[in-house]
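Have a look at the structure below, then the notes.
Letters A, B, ... are given to chains in the order of the sequence lines, protein chains preceding strands, and every chain is numbered from 1. This structure is a prediction, so every number in the text was calculated from the model and none was measured.
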Amino acid sequence: MAFTFAAFCYMLALLLTAALIFFAIWHLVLPEYLIHFFFCVMFFCAAEWLTLSLNLPLLAYHVWRYMSRPVMSGPGLYDPTTIMNADILAFCQKEGWCKLAFYLLSFFYYLYGMIYVLVSS
Amino acid sequence: MSAPGFTNLNSSISYGQNPATPHRNGPAQTYQPMHPPTGCYGAPPQQQSYPTIPAHPAPVPSKAPITNSAHSANYYRSNHHQQQQQQHLSQHHVAPSPYSASPSSAPPSQTYATLPSSAPPPSNAHYSQQPLQQQHHPPYAPPGSYYGPQSYHAPPAQQSQQQPSLVPAPAVGPGAPVYPIVSYPSAPGSSQFGTLSSSQSAAAHGVMPTQMGAPLHQYGTTRPASTAAVQPGYGVAPPSHLAPTVNGQGGTGHQHYDQSQPASLSYDSYGDADHPPSGTPSASVHSSPGHHQGMQYGYAANSGASSASAATSGPAAAPSSSSSEDDDDDDDEEDEEAGGDTSSSSTGSASPVPNSYDNLEGGSYPDSMPPSNHMTNQAAPYGNYGYPGMPPAYHQGPAAVTDSSPSHDPYGQSSYQQYSQPFPNMSQLSAALGGLSGVPELEVAALRPVNLLQERDLLPHRPLEAPEPNLSPDLKKVNCCPQSFRCTLTSIPQTQALLTKARLPLGLLLHPFRDLQQLPVITSNTIVRCRSCRTYINPFVTFLDQRRWKCNLCYRVNDVPDEFMYNPVTRSYGEPHKRPEVQNATVEFIASSDYMLRPPQPAAYLFVLDVSHNAVEAGYLKYFCESLMDNLDKLPGDTRTRVGFLTFDNTIHFYNLQEGLSQPQMLVVSDIDDIFIPSHDSLMVNLKESKELVKDLLTSLPGMFSESKETHSALGPALQAAFKLMTPTGGRVTVFQTQLPTIGAGSLQSREDPNQRSSTKGVQHLGPATDFYKKLALDCSGQQIGVDLFLLSSQYTDLASLSCISKYSAGSIFYYPSFHCTQNPTQLEKFQKDLERYLTRKIGFEAVMRIRCTKGLSIHTFHGNFFVRSTDLLSLANVNPDSAFAVQMSIDDSLADSSLACFQAALLYTSSKGKRRIRVHTLCLPVVNQLSDVYAGADVQAITCLLADMAIDRSITSSLSDARDALTNAVVDLMSAYKNNVCNLQQSGLVVAASMRLFPVYILSLLKQKALRTGTSTRLDERVFAMCEFKTQPLQQLMRMVHPDLYRLDDMSDQGALHLNDTVVPQPHLLHLSADRVTRDGAFLLDCGNVFYLWIGKSCDHLFIQDVLGFPDYASIPATMTHIPELETLLSERVRAFLDWLQDKRAFSSTLTVMKDNSSAKASFFQYLVEDRSEGPFSYNEFLQHIQQQMS
């Protein structure tokens, strides 16, 4: 049992996922995307391919989502002039709930992964 | 229920019978202690008002000066009259008692004092005059005089008459030391009696008395009333009425401010009390019981008149005036309002009517009426209602109250249904009858299956009217005008499933600030709204009984405030269902300070003018300056109106117009990267004070830049400067732009590739290139600045980006492609006409609009120019009478539990006179559960417009081809749905309900519009502008643009012609938009909304050419002809009458172009013939075949 880099990544992801759970609810878009990107990179460095592959779809979605945002000069995802349209609002909320579920599941997965790495190494 | 009748009864009964009074008393007592709902009697609320009264002595006088309007005067007079006539004399008696006697009475005394001071003398004159005469009144003074006299006279009279009955009543009891005196007098039913007997029908009288009566009765039982005392109350009351009205008048005469304040002020004298308790008069009333009865009564008495009225009447002033006003003319409006005020007089408390009823019934049933008893008479129910609880209360007095109340409740509840019937309220009826059955014939006609492949003559003879909702006649009568408020489905499907099955969009089209011919304006202290959903009271609410109404949107049961019991129109109490709010689906309220976040802003106009070389070339500046100069006095506004000017090329020029300067001073800011305002107080100046300088500037402006060689345009920085300049006030910024902004923030590049103009692939760059304009617009919107854009350019100016500045700040956009002052006279003419309308049309500032709908429905998308601040709230920095809105809706919950669905749009705005106003439109539609009913009620024009809005959104967010496919699919879906679900006949071909028979034509027209067409050369700016128009044009205008009206003019007959003011307006039949209808030997008029084309066929009748155009033959008609000469021939008169008649119905005047068969403009005429295959892909036949293929 040793504290490897992979274990460190899992621990970090564990903590950050806890933050993401809140960000997904509060729609703090950029921090959420950055944090998610950050530990994806960490998993890549740790060569945790399975975990990485689980996260890649979401990463791709984030990239696509940000690329297709409305025209705006500053950072941000939501356009104040359209966000109040009920269907767009409903979509964004649904998106938030789905991510919340994903982060909750991955939270326990990282917990398991961390312990597994710690125990197995 | 006419007041007179009641009064008579009451009077007789009351006099003769004591028992009756006891009953009344009983109920009254119970009510007071009890709950609002029960309290039919207005007295309680009044009490609250009372206390406050004293506090506000000063205000009254102040108000007085304000009032100018004759109306109020009239009102007063009328009161006077009645009172005087009825009762003379007793002034002496009365007067002394109140004043001397009580400190409490002070308020009244004040009022008197103030009033008299204002102008006693006129009073005589007034008296002599008839009450109804309006308009000539000497202002102010008269009212004052009125007051004085009224109060005095009235009371006495009452006393004299009534006293007998009163006498029996117990003396003032515990009462209030102070109040007692006053109150008692008033209290005594005597007042009622007196009034009743005396009152013949005058609302004011009737009202007051009744109010008084309630209290009185109580007194009577409890104590003997001093007759004298009563009168004071009385006297007071009238004043209160007057005062309010006065205020109203004054206010109206001048500015909003005045009004709003006045209302409060006026009240204040009596009614301030009302305000404090404001929200819940009823509540206060209840609490009142705590007071000594005597006190209460006293209140009642005073207020009784006064306050009851005051409270309500505070309202009085405000209360309510209802009058129809002419929207177009502000001045007229105000006058009218004033008139309304007068008419409104004081608000009554509910009590009055009930009392009268009581009297009536009391006579017949001395003891108690069993609730079960039904009177055929409407009055009966009320009586019953009150009575049941009453008897016990009677004797017991105060104690009884508590007891009685419980007993009472059950009655009340049980009695509801009973009441509902007796009440004449149509809303109730409607609720019962609403969606049940409609007009079978109409429905059948609308549902008649039409096989589109066989029937070719689908167009009606006259332009299509909005379908009538299938409602009971009573509801139909009061329903909102379809021009203001229209729903795509006039029968709302019960569930979302049904809606989905119908394959039709559900949405509303609104034109909320439309110029109206008639608009009831209501000045009321309390604007009655639902306590949970904040819906404004409207014709479709249900009155459970006199004191409660049920919201038609959220179904909550609310109390009717006391002041709402007085009806200013009929001047009677106790008829809440006759109030103008409940009789009109479109009303306007004068809002109180509760509806202001800051003092109403003055009208402020800033003109931002492009003076670059390009602009000078186009030459618009001269015409703008001329037009503004001509209309300077017609700019909507008041004495506070502010104007400013700002010009820009590659620098920004400000103009110092400070009063006192000998000539305008130009300040140039060349640092466009960091724009600053050179002077803060002299750039936006008061128009009135600096008018000469403004005129100077307008005269010299065109010449100042005639030599300009500067080709750059710093529009972005200019807009930033405008934003900074307007931030303190908010207002309207009008931007004239002639080219692409090239430097500074917000500069743009040309994105249009001319080779792609006729591409069928899809169109790029429909969205903005930068969010600079959008962000700036949002900032503007936050500061209540609306930006209107006039784009006059010959080249690409990226309207897609520039339009954002207006889109999100609720502005309007005007576009004149290839504008040039000499080379393009038609554009110039249109520009001038539009500008005139633009400068003089009404405007509302710092507006918000909220749309509410019946529980179960929800709004999900808005279309139009605005910023959506929350899911149902639109923020409109400016609102203008020419822009419309659309919303899409969905059905969240089943509407099965109600037969009616209602929608309410409330627009809160500041008028150009600085008044805060709320315009409320309410639309009521039946709910149906059959698919066939949904189709029968489909409004094909509204559906087309809503689909157009949706298609525009789709083409911007997705792509143009997507949007076009979606439109085609809408037709396919509808046809399939109808075929599969409704039409049982296994017919071949395309079958559709008759109500939707024009749907394919309209969709085909949409597909051929500039906004959505492909394959035809369309400049990007024109396309984007067409899209903007779709979003903001009102329905009628939009439909004329989408599917123009084609008429044949050369064979018009007078058959079916309209006769308007001596002119005969022929009504030629509509023709299909197909070239085979346009013959060579005819003259045809094509009405495209903003332009008329008069098509002259090659072999057109010489007679027509001579008589109408004034030329001998076809060949001599000039190539460009934009006017029809005024010839003395019959045909010419008919044609011009018809054109004028068409013109009258639209806001912006249309230009006329005469076209010859061989002219080069032929192409532009034939492009409107949408049923043909011109350049577009489909003719109508091909389109139908395409649909059929898609269906199979």
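The local environment of OH in A/Tyr112 is sparse, with at most 12 non-hydrogen atoms from other residues, nucleotides or ligands closer than 6.0 Å. Crowding of A/Tyr66 atom OH: a count of heavy atoms from other residues, nucleotides or ligands under 6.0 Å exceeding 12. Within a 6.0 Å radius of CZ in A/Phe5, other residues, nucleotides and ligands contribute more than 12 heavy atoms. Taking a 6.0 Å sphere around CZ of A/Phe91, one finds it holds more than 12 heavy atoms contributed by other residues, nucleotides or ligands. Other residues, nucleotides and ligands place more than 12 heavy atoms under 6.0 Å from the CG atom of A/Leu50. With a 6.0 Å radius and a threshold of 12 heavy atoms from other residues, nucleotides or ligands, A/Glu95 has its CD atom above the threshold. The environment of CZ in A/Phe102 is crowded: more than 12 heavy-atom neighbours from other residues, nucleotides or ligands sit within 6.0 Å.
Contacts between B/Ala777 and chain A at a heavy-atom distance below 4.5 Å are absent for every atom of the residue. Contact of B/Leu873 with chain A is not made at all, since no heavy-atom distance falls under 4.5 Å.
Across all their heavy atoms, B/Leu778 and A/Pro80 have their closest contact at CD1-CG, 3.4 Å. Nearest approach of B/Thr871 to A/Leu89, heavy atoms of both residues: CG2-CD2, 3.8 Å.
A/Asn85 and B/Thr861 share no donor-acceptor pair across their side chains, judged by distance under 3.5 Å alone.
Rounded to the nearest 0.5 angstrom, A/Met72 CE and B/Thr770 OG1 are separated by 11.5 Å. To the nearest 0.5 Å, atom CE of residue A/Met84 and atom CZ of residue B/Phe867 are 7.5 Å apart. With rounding to the nearest 0.5 Å, the separation of NZ in B/Lys774 from OG1 in A/Thr82 is 6.5 Å.
Among A/Ile88, A/Asp87, A/Thr81, the residue making the largest number of heavy-atom pairs under 4.5 Å with chain B is A/Thr81.
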